[in-house]
Student: 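Submitted below is the structure of interest, expressed as structure tokens.
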Amino acid sequence: MKAVLHVIEHDFRNFLRYKWWLAGLISMNLADLLIMAVVYNQMVNPQIINLKSYLNFFAPGVTVLGLFASAFMIGREINMEVRRQIHHYLLSLPITRFELALGRLLAGGLRGMMYMSPLLLTTFIFVGFPSLLQLLAILAALFLLATGISGLSIVTAVSTTSFEKFVTARGLVYYVLFFCSSIFYPLSLIQTLGKEGVMPQAIVVLAEINPLSSGADLIRSFLLGNPPFALEMVRNLIAFFIVFTITATFGYMKIVERA
Amino acid sequence: MVVVERDVRTFFRFKVLIIMRAIWFAAQVAFFGLIASRMVVPELADIYFEYYVAGVVVMMLYSASVFIGYDIFEEAEHGVFEYLLSLPISRRELVLGRSIGGGIRSFMLVGPLIAITLFVIGLANPLNLLIALSALFLFAFGVSGMSITIAVTLKSGDRFDIFMGVLNALIVRLSTAMYPQAFVQQASLTYAEISRFNPVTFASDMFRWGTGIEKYFTVTPMPLAAILGLVLFFFAFTIVGVTFYEKRLEGGGWQ
Amino acid sequence: MFIYCNPSISCSTISKSREESVAVSIIHTTDLTKRFKDLTAVDNLDLTIEKGEIFGLLGPNGAGKTTTVLMLTTVIKPSSGTAVVGGYDVRENPNDVRRLIGICFQEPKILWVSTPLDVLNWHAKVCGLSTQERKRRVKQVLEDVNMWDDRGKKVHDLSGGMKKRVEIAKVLIQRPRIAFIDEPTAQIDVVGKHKIWNMIRELRDEGSTIILATNELYEADVLSDRVGIMHKGKMLVCDTPKTLKDSIPGGDIVEIQLEKDVSKKTLKDLTSFQEVVNLTVLKPNNIKVHLNKVEEIVPQIMELLVKKGVPVRSINMTEPSLDDVFIHYTGLTIEEAEQKSPSR
């Protein structure tokens with residue numbers, strides 16, 4: 001356990017060194033909320049989103065967006081370490097491979113949690129504060145999401161051999177998960193477009209099982225009552241967490257030693 | 001011209017970057033544009049998709065034009081800078097060449113996307129489009145010049161990154177790239193005032209005017225005011241950029 | 001492939017029995033091999049390193065030194081063969097191996113956003129040092145490698161030599177039972193080199209076994225108790241530096257300037273010494289002698305010349321270097337060997 005904590009400490013320290021990048025990211029997230037969402041508030045039809053305010057709808061989405069971007073960062077670092085063979089140092093330490101992999105995974109998730117906490121607080125200020133039980137449920141759900149994202153990022157990083165391939169893969173993951181989700185628009189609208197044949201059914205299904213959708217909608221269900229809470233949200237998050245935690249842990253262990 | 005050629009050649013070696021930009025455009029248009037157009041109020045519903053696609057083109061042009069600033073830091077890091085300074089080219093020619101090169105290559109990148117946009121939106125008046133594209137050229141050069149100015153002013157890769165991130169966050173969102181000025185005004189008068197004088201607004205509105213989407217204008221009747229705004233923007237950052245570049249270029253101190 | 005081996009100091013398993021070698025050794029490999037696609041980087045390596053020695057692993061770039069080090073430190077897995085480090089098999093018990101070792105990599109493995117202080121503090125924590133001991137050692141070592149003033153700088157802003165100092169500082173703080181040091185003084189200035197050499201000797205004197213991978217032959221000569229020369233993935237020779245140099249026939253050179261011309265009879269008497277391999281008359285009063293064991297033979301030569309009434313004006317003696325040893329066993333200089341290396 002101590003070794004895992006050391007690894008988490010290592011990754012946390014590195015995370016805080018990227019102050020500039022974090023400041024840039026948070027300014028973009030806040031700009032999305034305080035500018036884009038405010039303007040869209042005037043433009044969006046309240047009947048479509050089943051809410052009076054688009055800002056209230058979007059705020060949980062921005063929280064999940066921020067969590068995604070920051071939790072995904074671990075993959076970039078791992079990819080760079082493997083390319084520059086800095087990972088040899090980590091492999092030479094008195095830490096088992098499992099401890100190393102688990103530490104990286106948890107660090108990625110915790111970094112995401114840390115980064116998104118001011119965004120979550122901002123959401124509560126705009127939308128309203130949850131009860132203690134709801135807060136614990138939200139944090140637990142976001143932790144599963146963050147750790148799963150960290151796992152996804154690690155899998156992407158260790159599956160790509162060059163920086164260019166990694167950037168391409170990362171971009172694909174980003175864009176697909178961002179836009180095929182309920183971060184910016186309600187899931188019900190995507191489903192309606194699917195029924196009309198405007199959106200391919202595969203995209204609709206992707207949006208439904210997308211953990212970003214589940215995370216954002218879970219927060220909305222507690223704070224806004226819309227969409228209503230559904231067990232599918234929790235199921236999706238748990239499934240995502242399990243799949244990518246296991247894949248990332250064993251993938252990292254196997255692939256960093258590959259030489 | 002040799003400087004311009006060099007910058008254009010270098011850019012197109014970054015195939016991944018180009019692919020990523022194309023994917024980003026496709027994702028924005030195919031998902032966000034399509035779905036958001038179904039989410040908006042009825043008076044906007046029939047035009048919003050085309051409106052948004054045109055705005056995405058300008059956003060892409062902006063982000064591609066900014067890239068020259070990052071190149072400068074790469075060059076400073078790898079010592080290529082010293083090589084450029086040793087060439088038989090005046091400093092003024094060097095900075096003008098970088099600015100124009102940065103603009104041209106971003107335009108070449110966005111060119112196919114403009115074609116796709118025209119396919120989606122349709123083309124009302126070719127002459128208008130030609131004028132609009134010329135204005136967008138000025139916009140691209142101006143943004144490159146701005147990026148160079150900021151890069152040589154800050155002389156720090158980290159600070160440049162954060163500054164451009166914040167600027168990007170604000171400049172695109174406080175413009176009419178994604179939403180008409182009328183709605184910006186309803187949301188906040190302050191935002192509306194900033195948006196009114198934003199070069200991204202001028203460029204977005206020019207492109208929409210060029211493609212015939214005229215329903216939601218911004219400043220004064222198009223296109224003169226927008227063209228004037230872009231010309232001023234171009235001259236300001238090209239001249240300012242040249243001045244800063246010349247003064248700050250030598251002497252190292254890059255971080 | 002010719003393999004020279006000193007019978008009293010085992011490097012391969014030829015002279016002593018395998019069991020005896022393993023009993024006194026801290027590292028032992030048998031047919032250790034590493035293949036990367038078409039390239040065999042390490043080819044059936046048999047190596048024994050004894051406890052408490054500084055073992056120099058020499059060879060040109062591409063010889064397989066770093067790959068050998070990476071296998072022994074469990075960073076990469078061997079393709080075949082066995083390696084036992086500190087009594088543990090690198091494949092069966094890698095975690096136990098890593099508890100005994102410390103490594104200074106050839107290229108510093110440090111993230112550019114970290115600072116030297118952060119890097120070393122964390123390394124010391126992972127290696128199990130107590131807080132008090134960690135603080136003491138980190139400060140001491142940073143001062144010793146002249147990095148204390150730069151401890152807060154980002155690694156990105158450090159020069160190559162400074163990064164290398166941070167890299168070697170990790171091992172010096174950790175003080176492991178077995179230290180692998182790959183190119184310890186690359187990019188470091190002369191004063192720094194000597195300081196680091198002294199620190200390496202201190203580490204050995206405290207009981208650590210040190211494996212020094214380097215292509216700086218002078219460094220290996222100065223530091224190593226024994227030296228193994230690798231070429232194209234194989235171990236060519238392995239012995240003390242002195243013995244290896246003496247193994248070159250006529251490797252020692254003595255140039256003697258005489259007060260008067262030397263006679264043919266005297267020349268004949270000089271060549272009668274068993275250790276004299278070759279004698280060249282440069283001028284009637286200037287001769288060059290190629291011989292072995294110069295320190296034993298030169299007094300006898302002087303005695304002979306005095307007896308013959310030929311006063312000596314001056315004498316110049318040179319020993320072969322490890323470079324000469326390498327040339328002798330491979331027929332190539334280090335530079336030529338690097339150029340021909342398949343990994344280039």
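Only heavy atoms go into these numbers, but all of them, side chains included; no hydrogens, no water, no symmetry mates.
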Student: Using the side chain to side chain donor-acceptor pair (under 3.5 Å) criterion, which residues pair with B:S65? Sequence neighbours excluded.
Tutor: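 So B:S65 forms a side chain to side chain donor-acceptor pair (under 3.5 Å) with B:S106.
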Student: Please classify the contact between B:Y179 and chain A as side chain, backbone, both or neither, with a heavy-atom cut-off of under 4.5 Å.
Tutor: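 For B:Y179, backbone and side chain are both near chain A.
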Student: Kindly list each side-chain donor-acceptor pair under 3.5 angstrom involving residues 185-195 of chain A, sequence neighbours excluded, with atom names and distances?
Tutor:
residue	atom	partner	partner atom	Å
A:Y185	OH	A:F179	O	2.6
A:Q191	NE2	A:E208	OE2	2.8
A:T192	OG1	A:S188	O	2.7

Student: Relative to chain A, which segment of B:F163 carries a heavy atom at a distance below 4.5 Å: side chain, backbone, both, or neither?
Tutor: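 It is neither, since no heavy atom gets under 4.5 Å.
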Student: Taking only heavy atoms into account, what residues of residues 25-55 of chain A are found under 4.5 Å from chain B?
Tutor: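 Checking residues 25-55 of chain A against chain B gives A:S27, A:M28, A:A31, A:D32, A:L34, A:I35, A:M36, A:V38, A:V39, A:Y40, A:Q42, A:M43, A:V44, A:N45, A:I48, A:I49, A:Y54.
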Student: Under a 4.5 Å heavy-atom cutoff, which of B:A169, B:S188, B:A30 has the most pairs with chain A?
Tutor: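 Maximum pair count with chain A is reached by B:A169.
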Student: Below 4.5 Å, heavy atoms only, C-beta onward: do A:E196 and B:R38 meet side chain to side chain?
Tutor: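 The answer is yes; the side chains approach within 4.5 Å.
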Student: Side chain, backbone, both or neither: which part of A:L172 has a heavy atom under 4.5 Å from chain B?
Tutor: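 Answer is both: backbone and side chain atoms of A:L172 are under 4.5 Å from chain B.
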Student: What part of B:A45 is in contact with chain A, defined as an atom under 4.5 angstrom from a non-hydrogen atom: side chain, backbone, both or neither?
Tutor: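 Answer is neither: B:A45 stays 4.5 Å or more from chain A.
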Student: With sequence neighbours excluded, what pairs up with A:Y89 under the side chain to side chain donor-acceptor pair (under 3.5 Å) test?
Tutor: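 Testing A:Y89 for side chain to side chain donor-acceptor pair (under 3.5 Å), a comparison that skips the adjacent residues, returns C:H123.
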Student: Could you grab the distance from atom OG of A:S182 to atom CD1 of B:I35, nearest 0.5 Å is fine?
Tutor: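 With rounding to 0.5 Å, OG (A:S182) is 10.5 Å from CD1 (B:I35).
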